[in-house]
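Note sheet for the following structure.
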2 protein chains.
Amino acid sequence: MTIAARPSEDPTDVSTQYIRDAIRDAIVDRRLAPGTKLSEADVGRLFNVSRTLVRGALQALSYEGLVNVEKNRGAFVAYPSPEEARQIFATRRLIEPGILREAAKNMGPSHFQHLRQLLMEEGRLMGERGQTARRAEIKASGDFHLMLASMTGNAVMQRFMDELVARSSLVIALYGQSAISSCGHQEHQDIVTSMERGDLDRACHLMLHHIDHIEKDLDMRENKGSDLKEAFRL
Amino acid sequence: MTIAARPSEDPTDVSTQYIRDAIRDAIVDRRLAPGTKLSEADVGRLFNVSRTLVRGALQALSYEGLVNVEKNRGAFVAYPSPEEARQIFATRRLIEPGILREAAKNMGPSHFQHLRQLLMEEGRLMGERGQTARRAEIKASGDFHLMLASMTGNAVMQRFMDELVARSSLVIALYGQSAISSCGHQEHQDIVTSMERGDLDRACHLMLHHIDHIEKDLDMRENKGSDLKEAFRL
DNA sequence: GATGATCAAATTGTATACGATCTTGTGATC
DNA sequence: GATCACAAGATCGTATACAATTTGATCATC
C-alpha cells in the first residue's frame with residue numbers, strides 16, 4: 001500500500017480529516033486501485049495513529065462512496081459496478097447544467113480569469129509526459145467541474161459535486177479506455193467561451209455532450225458478478 | 001432530551017446505524033430542537049451503548065448536515081442559517097425537476113398506485129388533529145419527494161434527496177410560519193396527475209412552484225449572526 | 001462591585017484492551 | 001485424493017481508560 005503522506009508534513013499531529021484526505025487523494029489519483037483492502041491496523045501504522053482515527057476516516061469515505069466497508073471484513077477501495085457508474089453520470093447530467101446556470105449568475109471577469117487559468121494549467125499538463133503529469137491532468141480535469149460548482153456559492157451543490165467528481169475518477173480509473181479523456185480539454189474551453197458570451201443554453205448543451213463523451217469513452221462490459229471482481233483485483 | 005427508542009425494540013443489540021436513525025428521526029420529527037446539544041455520554045446512556053458508537057452516529061449525521069460537531073465542544077442539532085436554507089432549496093429546485101423526468105421513464109401503473117396511496121395517507125393525516133398527526137403529516141410530505149426519488153432507480157440521486165429532505169425538515173421546523181405547509185398536499189396531487197397524463201413539462205413546472213411555495217412560507221429574517229443563534233437556543 | 005487569573009469539573013479526543021467474527025490451514029475421515 | 005471438521009490466526013466491533021481541552025466557579029485584585 002502506498003498512500004504517500006504529503007511532503008513537508010509532520011507525520012505527528014495527524015487527524016481523522018488528514019487521513020481521510022490522504023486516502024481520498026490516493027484513490028482519486030489512482031495510486032490505490034479499486035478493490036484494495038484498507039486494513040485498519042495497516043493504515044494506522046502508516047500514519048502512526050490508532051485504529052480509532054482510521055475507522056473514522058474510513059467511515060467518512062464510505063459515506064462518500066469511495067470506500068466500501070463490509071461488516072466484519074473490513075474496508076475496500078470502492079469498485080463501482082457499471083450500473084453505479086451509469087447512475088453517477090446520470091446524476092451529473094442532471095446537476096451540472098443547473099450548476100452552470102447558477103454559477104453564471106455570480107460570475108464576473110475575475111471568475112472567468114480563474115477558470116482560464118485552470119484551463120491553461122490543464123493544457124500544459126496535456127503536453128507533458130509521464131504518469132505524474134497524467135494524474136495531475138486528470139485531477140485538473142475534475143477541478144474544472146469543481147471550480148464551476150464552487151462559483152455557485154452553494155455549499156450543498158459543491159459537496160454533491162465533490163462526491164460525484166471523486167466517484168467519477170474512480171469509474172474512469174476502472175473503465176477508462178485510453179487517454180482519450182484528454183480531448184475533454186477543448187470541451188472545457190468551449191464551455192467557458194460560451195458562458196463568457198452569455199450563451200448559457202449553448203454552454204449547458206456543451207456540458208451535457210461533454211459528460212456524454214466521458215461516459216462513452218468507458219468500456220463497462222466486463223465482469224458483471226460484482227463480488228468476484230474484488231477477488232481478482234485484490 | 002427525548003429521543004424515543006422505537007417501541008417494541010430491544011434496547012440491546014443497538015448499533016451505530018440504529019442510533020443514527022433514531023437521532024435523525026428525532027430531528028426530522030422536531031422532537032429535538034435545533035441547537036440542542038447531543039452529549040456523547042448522555043446519548044450513550046440513553047441507548048445503553050458506549051461513546052464509541054455514539055460518536056460514529058454523530059459523525060454520520062454531521063456528514064448529512066443534520067448535526068454540527070465542533071471540535072472539543074461537542075455535537076449540536078444543526079441550526080441552519082437562512083443562507084443555508086436558501087442553498088438547500090436552490091439545490092432542490094435544481095434537482096427535483098430532473099428527478100421527475102428520470103422517474104417518469106421507469107414508472108408504470110403500480111408506481112402511480114404507490115404514490116396515490118401515499119397521498120391518501122397524507123390527506124388523512126391532514127384531517128386529524130394533534131401534534132402527533134402533524135408530525136406524521138410533515139413526514140409524509142417529505143416521503144412523497146423521497147418516493148419520487150426512489151422511482152428513478154438511481155441510488156445517488158436518492159441519497160442526495162434523502163439529505164435535502166431531511167435538512168428541509170429542519171429548516172421548516174426553524175423558520176416555518178404555520179401549518180400552511182399542508183396546502184402542499186394539493187400540489188403533490190397535481191404533480192402526480194400531470195405525470196399520469198404524461199405532461200412532464202407541467203409536472204416539472206408544478207414541482208418548481210411547489211418548492212417555491214414551501215420556501216415562501218418561511219420567515220427567515222431573524223438573527224443573521226450565525227453563531228449567536230446557537231447560544232440563544234442552547 | 002467589576003475584572004481577571006486560577007483551579008476543578010465536565011466533556012471531548014485518542015489509544016488501548018478485549019470479545020466476536022471471519023479466514024485459513026491442518027488433519028482426520030470417507 | 002477429495003471433503004469436511006476443527007482449531008489457530010487475523011481482523012473487525014465495542015467498551016473502557018487516560019490525556020487534552022473547554023467550561024464555569026472561586027477568589028484575589030483593582
Side-chain angles (χ1 to χ4, degrees), chain A residues 1 3 5 9-23 32 35-63 66-79 227-234, chain B residues 1 3 5 9-23 32 35-63 66-79 227-234:
Chain A
M1 189 179 334
I3 307 177
E9 277 274 3
D10 187 5
T12 49
D13 99 301
V14 180
S15 74
T16 299
Q17 178 71 15
Y18 178 85
I19 298 171
R20 183 173 83 91
D21 289 345
I23 299 181
L32 277 173
T36 305
K37 167 148 193 179
L38 300 170
S39 150
E40 296 178 355
D42 287 349
V43 177
R45 265 189 293 277
L46 258 173
F47 291 96
N48 291 314
V49 137
S50 78
R51 279 177 50 216
T52 307
L53 297 188
V54 176
R55 274 182 80 82
L58 292 176
Q59 180 182 324
L61 289 167
S62 150
Y63 200 84
L66 291 181
V67 155
N68 289 332
V69 283
E70 300 178 25
K71 187 171 167 65
N72 278 317
R73 290 208 54 244
F76 303 83
V77 178
Y79 203 120
D227 273 15
L228 294 174
K229 294 178 293 189
E230 294 208 353
F232 285 105
R233 283 281 169 167
L234 191 54
Chain B
M1 189 179 335
I3 307 176
E9 277 274 4
D10 187 4
T12 49
D13 100 301
V14 181
S15 73
T16 299
Q17 178 71 18
Y18 178 84
I19 299 171
R20 184 172 82 91
D21 289 344
I23 299 180
L32 278 172
T36 304
K37 167 147 193 180
L38 299 171
S39 150
E40 296 177 355
D42 288 350
V43 177
R45 265 188 294 275
L46 260 174
F47 291 96
N48 291 316
V49 137
S50 78
R51 281 177 49 215
T52 308
L53 296 187
V54 177
R55 276 181 79 83
L58 292 176
Q59 179 182 328
L61 289 167
S62 151
Y63 199 83
L66 291 181
V67 155
N68 290 331
V69 281
E70 302 178 22
K71 187 173 167 64
N72 280 316
R73 291 209 52 244
F76 303 83
V77 178
Y79 201 118
D227 273 16
L228 294 173
K229 294 178 295 191
E230 292 210 353
F232 285 105
R233 282 280 169 166
L234 189 58

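Nothing here was measured: the structure is a model prediction, and the numbers come from that model. Letters A, B, ... mirror the listed sequences (proteins, then strands); counts begin at 1.
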To the nearest 0.5 Å, what is the distance between [atom1] on [X] and [atom2] on [Y]?
{"X": "B/Leu53", "Y": "B/Asn48", "atom1": "CG", "atom2": "CG", "answer": "11.5 Å"}
{"X": "B/Phe76", "Y": "B/Leu32", "atom1": "CZ", "atom2": "CG", "answer": "13.5 Å"}
{"X": "A/Thr52", "Y": "A/Glu40", "atom1": "OG1", "atom2": "CD", "answer": "9.0 Å"}
{"X": "A/Leu58", "Y": "A/Ile23", "atom1": "CG", "atom2": "CD1", "answer": "5.0 Å"}
{"X": "B/Ser62", "Y": "B/Arg55", "atom1": "OG", "atom2": "CZ", "answer": "11.0 Å"}

Of all the choices, [options], which nucleotide is nearest to the side chain of [X] once you look at every atom?
{"X": "A/Asn72", "options": "C/dC22, D/dC18, D/dT14", "answer": "C/dC22"}
{"X": "A/Lys37", "options": "C/dT12, D/dT16, D/dT11", "answer": "D/dT11"}
{"X": "B/Arg55", "options": "C/dG13, D/dC12, D/dA15", "answer": "C/dG13"}
{"X": "B/Ser39", "options": "C/dC18, C/dA15, C/dT12", "answer": "C/dT12"}

To the nearest Å, how far apart are [X] [atom1] and [N] [atom2]?
{"X": "B/Arg51", "N": "C/dT16", "atom1": "CZ", "atom2": "C1'", "value": "14 Å"}
{"X": "A/Leu38", "N": "D/dA10", "atom1": "CG", "atom2": "P", "value": "20 Å"}
{"X": "A/Asp42", "N": "D/dT11", "atom1": "CG", "atom2": "P", "value": "7 Å"}
{"X": "B/Asn68", "N": "C/dT12", "atom1": "CG", "atom2": "P", "value": "15 Å"}
{"X": "A/Asn48", "N": "C/dT16", "atom1": "CG", "atom2": "P", "value": "11 Å"}
{"X": "A/Glu40", "N": "C/dC22", "atom1": "CD", "atom2": "P", "value": "15 Å"}
{"X": "B/Ile19", "N": "D/dT14", "atom1": "CD1", "atom2": "P", "value": "9 Å"}

key: Distance below 4.0 Å between B/Ser50 side-chain N/O and D/dA15 OP1 or OP2   = yes
query = Could a donor-acceptor pair under 3.5 angstrom be found where the side chain of B/Arg73 meets the base of C/dG13?
reply = no
inquiry  = Let me spell it out: for each of A/Lys71 and A/Thr52, pick the nucleotide of DNA chain C with the closest heavy atom. Which residue's pick is nearer the 5' end?
reply    = A/Thr52
